[in-house]
Amino acid sequence: MPKTAAPRPRRRASRPDGPARRSARGLDDLNPAQRAAVCHLDGPLLVLAGAGSGKTRVITRKIAYLIDVAGFEPRHVVAVTFTNKAAREMKARVAALLAGRDTTGLTVCTFHSLGLDILRRERALAGLKAGFSLLDEQDSDALLREILRHAGDDAAAGDARWAISRWKNDLVPPGAALSAAADPAEARHARLYADYERALRAYNAVDFDDLIVRPVALLRDHPEARERWQNRTRHLLVDECQDTNGAQYALVRLLVGARGMLTAVGDDDQSIYAWRGARPENLARLQQDLPGLEVVKLEQNYRSTGRILAAANALIANNAHLFEKRLWSDLGPGEPIRVVACRDEAHEAARIAGEILQRRHAKDGAFGECAILYRGNHQARPFEQALRELNVPYFLSGGTSFFSRGEVKDAMAYLRLLANPEDNAAFLRIVNVPRREIGPTTLEKLAAYASSRHVALLPACDEIGLSLAVEGRALERLRTFAGWIARHARLADADGAAAALRALLREADYEGWLREQGAAAKAAERRWENVQELLSWVERMQRDGDGASLADVVARLTLQDVLERDDEEAGGDRVHLMTLHSAKGLEFANVWLAGMEEELLPHRASIEADTIEEERRLAYVGVTRARRNLVLTFAEKRRRFGELLSCEPSRFLRELPQDTLRWEGGGADTNPETRLERGRAGLATLRSLLGGD
DNA sequence: CGGTTTCGCTTTTTT
DNA sequence: AGCGAAACCG
């Protein structure tokens with residue numbers, strides 16, 4: 001029985017396979033390479049999927065094939081991605097492909113949720129106590145600041161976290177980090193790393209990196225656990241494999257084991273996260289580590305016109321490659337790629353906004369089919385201004401996430417403390433929020449006492465001996481606070497976390513405190529609404545999550561990032577403003593790639609660090625987002641760090657095949673004289689740049 | 001203890 | 001310029 005196709009998001013390109021009728025069983029609508037990737041079941045497989053070659057399609061179809069044709073139980077299939085968004089999309093598409101079939105137990109999630117799941121189920125073996133907390137980056141920073149303060153070290157917490165994270169991602173334990181330290185600063189970080197790990201253990205907490213690192217250690221050191229998880233993971237699919245770091249790669253290998261049932265999908269040309277530990281060479285490493293690895297290349301692009309692909313191919317040809325690959329498409333040459341010289345960032349923005357408005361009524365010209373891509377978030381500002389001026393609706397991705405808002409973090413800290421009395425990070429965050437007149441002096445004494453007794457801060461409050469260290473009103477306040485938390489922890493067990501948190505916030509008059517804080521009543525209201533939204537999420541997760549403990553709910557929330565609202569807005573007919581990094585995986589009919597300048601793209605830091613290739617891949621990602629129209633813009637002058645500096649067009653412009661391009665000067669001016677002049681100036685700059693061809 | 005001022009930095013971002 | 005964090009002052 002043929003099943004109907006997955007409803008495809010509207011911004012996807014139409015596929016050349018004709019009618020959108022397909023089933024999990026029939027593979028006629030796949031090209032030979034895609035089909036080979038889906039059907040290959042005899043061993044490990046690496047799918048090198050070029051941009052726009054139907055990567056997600058292959059993964060989702062393969063999951064369906066495994067279950068529907070190859071007879072795998074859904075609970076034996078595991079697919080991992082990097083982002084919640086990718087996981088969500090994949091889940092939806094698989095569900096549509098397998099409509100009507102029971103897919104209970106099928107795992108499609110992020111690396112980190114999988115790690116959390118492993119830790120939850122193997123908690124005791126992992127050396128964690130019930131209710132362990134998950135610290136996010138800011139919590140880690142705060143913890144490190146605390147440790148640094150104690151050690152009298154003035155190193156920046158952010159730098160330390162960065163260093164520690166790199167070690168963790170490479171599975172380097174503190175001892176090894178210390179002995180391998182190249183200089184005193186590194187040694188200092190390594191010692192900090194050891195202290196930090198100790199503190200995490202004391203807090204019964206893990207950080208984001210631990211969600212990978214600890215499962216790796218667990219599966220490596222405990223054969224019976226390894227067998228359990230290998231037995232569960234009869235086929236593992238890994239999306240964006242070029243983005244895996246050392247620890248994630250180790251986890252993949254441990255889960256796959258000797259059985260080798262792995263489908264890894266990736267593209268080394270789209271590796272843009274090496275700066276945070278991703279190892280694109282993991283793709284090649286698979287070849288050595290998994291004998292009999294089959295490699296399938298997906299080179300037919302269904303997204304972009306010939307000129308755009310020619311530009312992309314020429315650009316990326318300047319990089320060294322792990323695998324050779326050449327994208328082609330049969331969509332025809334299309335329009336030339338335009339390169340536009342602008343006076344400054346305001347002109348660039350006005351010009352692009354104007355073009356978007358002009359394009360509005362053209363085929364594929366809808367606002368939702370337009371994207372402005374740039375290297376850094378600060379570049380968004382002029383675009384926002386220009387678009388607002390022309391009343392063009394836009395959607396800005398990036399920005400402060402729901403969970404980094406102070407009020408949400410406060411509420412989360414309360415929840416964490418209810419679940420895990422040993423979570424000192426959470427304790428410290430909210431012990432005096434709202435104000436309870438428990439100041440640093442008191443906390444200092446409490447901390448000293450707690451560490452002498454080897455207990456956490458909250459439990460220490462209840463100990464008789466504390467009266468020797470803290471006296472009078474301060475002691476009373478601590479005891480009152482501890483009793484109050486304990487009471488609500490019991491309430492959480494009885495009536496659920498949401499009810500407990502609600503009571504807690506009411507009794508503390510948190511809403512009133514918010515009003516005291518922010519001067520603007522509106523801001524306070526907004527913040528309170530955020531807290532309410534968190535509450536409703538907690539409620540929903542407790543209701544839906546079968547037998548999920550409070551700690552589970554809190555950890556999952558930390559991983560989830562509640563940004564559904566953004567998704568809704570993104571779906572509307574709005575121009576998309578985003579960084580090149582966040583554009584990966586998306587596509588638009590019309591793309592403006594702004595700020596094609598030396599020191600911006602490639603970024604100055606990357607020029608200095610000699611990581612130009614990653615910048616080139618970033619440009620490549622930008623170019624390959626476009627289906628039909630691509631415009632590359634650069635400014636001649638740009639305000640940087642408060643100063644107006646003149647800029648040089650990006651070297652990447654020079655690397656593009658000039659016969660695919662059409663150069664243009666400025667032109668957003670109303671005055672034709674100026675426009676002409678600007679145009680000439682822009683062209684002159686370009687000619688000199690190109691060495692006169 | 002808490003609010004204000006000054007200093008210093010400044011790519012990308014997910015979990 | 002603009003933001004966040006430490007330092008400083010009332």
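Chain letters run A, B, ... following the sequence lines, proteins first, then strands; residues in each count from 1.
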Mind checking if A:I607 touches a base, just sugar-phosphate, or nothing, with heavy atoms under 4.0 Å? nothing
Rounded off to whole Å, could you give me the NZ-to-C1' distance for the A:K409 and B:dT15 pair? 13 Å
Between A:L134 (CG) and B:dT14 (C1'), how many Å, whole number? 13 Å
Could you check how far CZ of A:F208 sits from P of B:dT15, rounded to whole Å? 8 Å
With a cut-off of less than 4.0 Å, is there a side-chain N or O of A:R381 near OP1 or OP2 of C:dA1? no
Within this structure, what is the CZ-to-C1' distance between A:R435 and B:dC1, rounded to whole angstrom? 9 Å
So which of A:L143, A:N420, A:D139, A:L457 actually passes side-chain contact (heavy atoms from CB on, under 4.5 Å) with A:Y203? A:L143
B:dT12 versus C:dA5 - spacing of their C1' atoms, nearest Å: 22 Å
Can you measure A:D159 atom CG to C:dA5 atom P for me and round it to whole angstrom units? 13 Å
Which whole-number value in Å describes the distance from A:L211 CG to B:dT15 C1'? 8 Å
Pair A:R473 + A:E476: basic N to acidic O under 4.0 Å: no
Side chain of A:R145 only, heavy atoms from C-beta on: which candidate in B:dT15, B:dG3, C:dA6 is closest? C:dA6
For A:Y510 and A:Y414, take the angle between the two ring planes, folded into 0 to 90°, and tell me which bin it lands in: parallel under 30, tilted 30 to 60, perpendicular over 60. perpendicular
Donor-acceptor pair, side chain of A:N424 and main chain of A:A447, under 3.5 angstrom: no
Spacing of the C1' atoms in B:dT11 and C:dA6 (rounded, Å): 24 Å
Atom CG of A:L557 and atom P of B:dT14: how far apart are they, to the nearest Å? 18 Å
Do nucleotides 4-13 of chain B as a string where each nucleotide becomes B, S or -: B if the base has a protein heavy atom under 4.0 Å, S if just the sugar-phosphate does, - if no protein is that close. ------BBBB
Hey, is A:R527 close enough to A:E511 for a salt bridge, meaning N to O under 4.0 Å? no
Strictly distance-based, threshold 3.5 Å: is any side-chain N or O of A:D552 a donor or acceptor partner for the main-chain N or O of A:S549? yes
Check the distance between B:dT15's P and A:N245's CG and give it to me in whole angstrom. 14 Å
Taking OP1 and OP2 of B:dT14, is either one under 4.0 Å from a side-chain nitrogen or oxygen of A:N84? no
For A:F82, answer base if it contacts any base atom (sugar-phosphate contacts may also be present), sugar-phosphate if it contacts only those atoms, and nothing otherwise; contact means non-hydrogen atoms under 4.0 Å. sugar-phosphate
Inspect the contact between A:D423 and A:R416 and indicate whether a charged nitrogen and a carboxylate oxygen are less than 4.0 angstrom apart. yes
